[in-house]
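Every chain is numbered from 1, with letters handed out A, B, ... down the list of sequences. For the numbers below, each heavy atom of this structure counts, side chains included, while hydrogens, waters and symmetry mates do not.
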2 protein chains.
Amino acid sequence: MADVARAAGVSVMTVSNVLNDRLPVGEPTRARVMAAVDELGYQVNLTARHLRAGRTDTIAFIAPSFHDYFGEVADRLALPIEAEGRHLVLARTAASPEEEMEALSAARLHLYDGVLLSVAGLDSDRLERVRTAKPLVLLGERDAPERFDHVRLANEEGARLATAHMIDGGSRRIVALGGTIDPGHTMSSDRRLGWERAMTDAGLGVDPRYVVPFPVYSSAAARDALLAVIDSGLPFDGVFSTTDVVALGAISALSERGLRIPEDVQVTGFDNLEMAQFVPPGLTSVDANHEELAEKAVGILHRRIAGWDGPAEHVVIPVRLVVRGSTRGQA
Amino acid sequence: MADVARAAGVSVMTVSNVLNDRLPVGEPTRARVMAAVDELGYQVNLTARHLRAGRTDTIAFIAPSFHDYFGEVADRLALPIEAEGRHLVLARTAASPEEEMEALSAARLHLYDGVLLSVAGLDSDRLERVRTAKPLVLLGERDAPERFDHVRLANEEGARLATAHMIDGGSRRIVALGGTIDPGHTMSSDRRLGWERAMTDAGLGVDPRYVVPFPVYSSAAARDALLAVIDSGLPFDGVFSTTDVVALGAISALSERGLRIPEDVQVTGFDNLEMAQFVPPGLTSVDANHEELAEKAVGILHRRIAGWDGPAEHVVIPVRLVVRGSTRGQA
DNA sequence: CTGTTAGCGCGTTCAA
DNA sequence: TTGAACGCGCTAACAG
């Protein structure tokens, strides 16, 4: 910037004023400055600007990975953020356990004006240790310290809807694929709870053999788990899948064993990812309402950044069932 | 930091030295400093550190969206980047055409030590205008100015492999779904070219009616396009899809019209996304070799950041066909 | 081992 | 309308 000023025969402040349209600058001066800028290929140093300004106009979304669900959510989050003139960047929570959530270090969080943090893959210990002076909104389906703003889905209700819908369609023995019986609230236990409630409401027993947990929510793990169930001979005629990615694994397993969807087995997912529309015969799924989720979470964050200082908000986003070919019956 | 120094009764440099393990610091002093740090909840300001250091130890991957292909690639890119002790962040090229690639402004690129830029969705004009002093490596399947380092896939060869494989399996009339007849090299025209070569090699004619272009590579667009083909009565027994996402749309359309895969119609994709393994009957796809792609692209970028100054590299990553249930015949 | 000085590049504040 | 001084928070280099 000093170089530009020298080349144009003005002070650095005049350059700054020209570039930011701040104070009025004489037309001939402005022209000389712009010429010098072009000549030298000058570009502002945003790092310096950020230091000076004390803000970066950037919000980070931090999630365990960039795949599937997180990618789709991120694209949604971008809209309200960009609408406010800020930027969105994504970062991963450190993959290596050694690094102890490097991406979550207080210092790194400091690089952004605010942070949207997915709680997936973070245990309560880690969450408890997250410290930051900057605004932070949690996103996701597990219990977290009360002090944080937190936006999550109506997991139990969504799971209940999906399961009840399969019961309406004639299923009586429904596997809760990816469900767990954790204490406290996690995505898998909340959704299992909804499944349980639907079964109970319908007067069907809750048999623990139908709760099939696995460690990681991948299609591969889901597929293997359901293959094992099929091969064990346990009879079932419905699969409530904890997520769409899990449902895809289930569909793969059923197809491999020659079971027809929905004739032999109904299947539901959760999240309503884009692929749910296209995987034959169309996956009935609980719509995670990414639009409203993004709107709410980003809204809270923007208010916090603006200095709002109310008590921590805990928002539950309503969900709805989207019925497709993988189930019988009506919505 | 000054506050910490005051509280500990030392100079700011000592605080800095303690925090960075730079110069040796006496044990009692160090203890007092750490106590003050804890007390005050102090955290380094990375913005200031970056300004001072002239680098951010951060690499950006900039792509049109965070979905599907880009999310999977990003997760791969993270590995070699983190292995070198740097951080990866993702940013989107501005969605709104008005904003004129805000994310690509030279100033923003300056925030990172280096940039991996997906050329998808950027026309040559925009690419031509990209200026940055910082190292930048292009990723993706279209022509770009020679002056850039560029890593892309063996698109034509991959498409040829996939198409030839379907011909081996008995298909004679193969739709190039998402193919185009652009001048120059784009993803869709290169892949269409490979399809064409396989057809020609096999002595099958190349009928332009079998090239089905559409504007955006979504499953929805692909589905609609293939439905139109089916309903037009044009006979076909194979679908070479430009991407896996396109293939998913094709599978959806075929299923909706009651056509069996692979008995009535063989289908191939390109990218070998994770879902390709799970969508029944398993999608035969050209493996985009994300691992090698990431290795090469990040390798070049790291060398550039280290100051290496060779001529622009243009790397083509070899691909291979992964055969699954959506086609007959052997690999 | 610890402190002082200086400057990374910008923009706010005040003076001219 | 333009310029000079100052400091955002940090660390390299040197002095003590």
Side-chain angles (χ1 to χ4, degrees), chain A residues 1-37 40-58 85 87 105-113 132-134, chain B residues 1-37 40-58 87 105-113 132-134 305:
Chain A
M1 188 146 153
D3 296 342
V4 173
R6 201 172 311 116
V10 298
S11 78
V12 287
M13 266 329 295
T14 302
V15 178
S16 175
N17 285 329
V18 168
L19 293 174
N20 299 303
D21 279 328
R22 262 220 161 359
L23 304 187
V25 174
E27 199 39 62
T29 318
R30 136 177 259 97
R32 261 184 308 138
V33 169
M34 292 310 286
V37 164
L40 301 176
Y42 166 81
Q43 342 171 351
V44 272
N45 180 325
L46 286 184
T47 304
R49 177 179 286 176
H50 291 167
L51 175 60
R52 175 62 225 209
R55 55 197 179 79
T56 61
D57 291 327
T58 301
H87 302 269
S105 78
R108 270 206 100 65
L109 296 183
H110 237 5
L111 281 174
Y112 311 106
D113 290 350
T132 170
K134 294 295 177 71
Chain B
M1 187 145 151
D3 296 343
V4 173
R6 200 172 312 113
V10 298
S11 77
V12 287
M13 263 327 292
T14 302
V15 177
S16 174
N17 286 329
V18 167
L19 293 174
N20 299 301
D21 279 328
R22 263 224 161 356
L23 304 187
V25 174
E27 199 40 61
T29 316
R30 138 178 258 96
R32 262 183 308 139
V33 170
M34 292 310 287
V37 164
L40 300 177
Y42 165 82
Q43 341 171 349
V44 271
N45 179 325
L46 285 183
T47 304
R49 177 181 286 177
H50 291 167
L51 175 59
R52 174 63 229 224
R55 56 198 178 76
T56 60
D57 291 327
T58 301
H87 302 268
S105 78
R108 272 205 96 65
L109 296 184
H110 239 5
L111 282 175
Y112 310 105
D113 290 348
T132 171
K134 293 295 177 72
I305 293 173

Whole-Å gap separating [atom2] ([N]) and [atom1] ([X]):
X      : N      : atom1 : atom2 : answer
B:E27  : C:dC1  : CD    : P     : 10 Å
B:R22  : C:dC1  : CZ    : P     : 17 Å
A:R30  : D:dT2  : CZ    : C1'   : 14 Å
A:H50  : C:dT12 : NE2   : P     : 13 Å
B:H110 : C:dG9  : NE2   : P     : 9 Å

Using a cut-off of less than 4.0 Å, is there contact between a side-chain N or O of [X] and OP1 or OP2 of [N]?
X     : N      : answer
B:N17 : C:dC1  : no
B:S16 : D:dT11 : yes
A:T29 : D:dT1  : no
A:T14 : D:dG3  : yes
B:R55 : C:dC8  : no

Could you pull out the protein-nucleic contacts involving nucleotides 7-9 of chain D (nitrogen or oxygen on both sides, under 3.5 Å)?
| from | atom 1 | to | atom 2 | distance (Å) |
| --- | --- | --- | --- | --- |
| D:dG7 | N2 | A:R52 | NH1 | 3.0 |

Close N/O contacts between protein and nucleotides 13-15 of chain C (under 3.5 Å):
none

Inset, instruction - Kindly give the heavy-atom pair with the smallest separation between B:V33 and B:V10, and that separation in Å. - result: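 Here B:V33 and B:V10 meet closest at CG2-CG2, 4.0 Å.
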
Inset, instruction - Scan side-chain atoms only and decide if B:T58 and A:R108 contain a donor-acceptor pair under the 3.5 Å cut-off. - result: yes

Legend entry - Option from B:N20, B:T56, B:D57 for which side chain to side chain donor-acceptor pair (under 3.5 Å) with B:R49 holds: B:N20

